Amino acid sequence: METIFVDIHTHAPKSGNHLLQIINLDLGQDCPEHGYFSYSIHPWALDSIGFQIETAMRRLEERLQSTNVIALGEAGLDKMHKTTFERQIALFEHQIALSEALHKPMILHDVRSHNEIIAMRKKHKAKQAWILHGFNGTEQDMKQLVGQGIFLSVGESLLHPEKRIYAAFPAVDLDFLFLETDMAEVGIETIYEAAVQRLGMDFSLLKEQIQSNFRHIFQ
Ligand SMILES: [Zn+2]
């Protein structure tokens, strides 16, 4: 079987049969018939949604019913954002419950909130896979998150030697790894290329590994 490039989280999908992308959509966007998608209420949206939060939650629940919406994302916590952290936690807990009830893994947005995210996973005894996207932490952060069964997705940071993850990357646990383009203009192939170089690993082996991680979570 020919292996493909998995792009676990993107807002800028590319075309090509060699790609498997989870495309992140806004709640207002209808879900296309073909492809894989994710919907959520992003913590940044809290201010703009205001009192319509319940309407948004209902819309999200509807969106998640489609079989080609395979993940809830991106949801999570952001300590650098102005929205109060308590409101972010409440929204995150709603979405954890939804992810568990509907059996949809979550793609996580995490800014300086590793500890709280781990605490939430424990508190809710979450069974669904969680994929922390845009990961740019240290080797110790990796160990801490993977130790809780959380998958890590790395993107454009791998192209920048000054980023924390660039140094830490060779120690990554391959069974918990994904790659992504997120907002990046570069193709996922470029991110794979950078990953292969940092790992000193065979290109096709890395593709197989990530494809198998995908299958493991999404069957
Ligand atoms: Zn994103």
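Residues: numbered from 1 along the sequence shown. As a basis for the values below, the full set of heavy atoms in this structure was taken, side chains included, without hydrogen atoms, waters or symmetry mates. First listed ligand is number 1; within each ligand, the first listed atom is number 1. For clarity, every value in this text was computed on a predicted model and none was experimentally measured.
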Please name the atom of Asp182, limited to N, O or S, that comes nearest to the Zn ion (ligand 1).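 Result: OD1.
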Among the N, O or S atoms that Glu74 has, which is closest to the Zn ion (ligand 1)?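 It is OE2, the N, O or S atom of Glu74 closest to the Zn ion (ligand 1).
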Can you see whether Glu74 engages His133 through a side-chain donor-acceptor pair at a distance of less than 3.5 angstrom? yes
Run the side-chain hydrogen bond (donor to acceptor under 3.5 Å, both in side chains) check on His81 and Gln88 step by step: do they pass? CA-CA 10 Å; His81 198 260; Gln88 292 191 33; 4.8 Å; no
Rounded at 0.5 Å granularity, tell me how far CD1 in Ile8 sits from CG in Asn24.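 Result: 12.0 Å between the selected atoms.
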Over all atoms of both residues, closest heavy-atom pair of Glu180 and Ser153: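 Residues Glu180 and Ser153, closest heavy atoms: OE1-OG, 2.7 Å.
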Does any N, O or S atom in His9 come within less than 2.8 Å of the Zn ion (ligand 1)? yes
Any N/O/S atom, side chain or main chain, of His133 closer to the Zn ion (ligand 1) than 2.8 Å? no
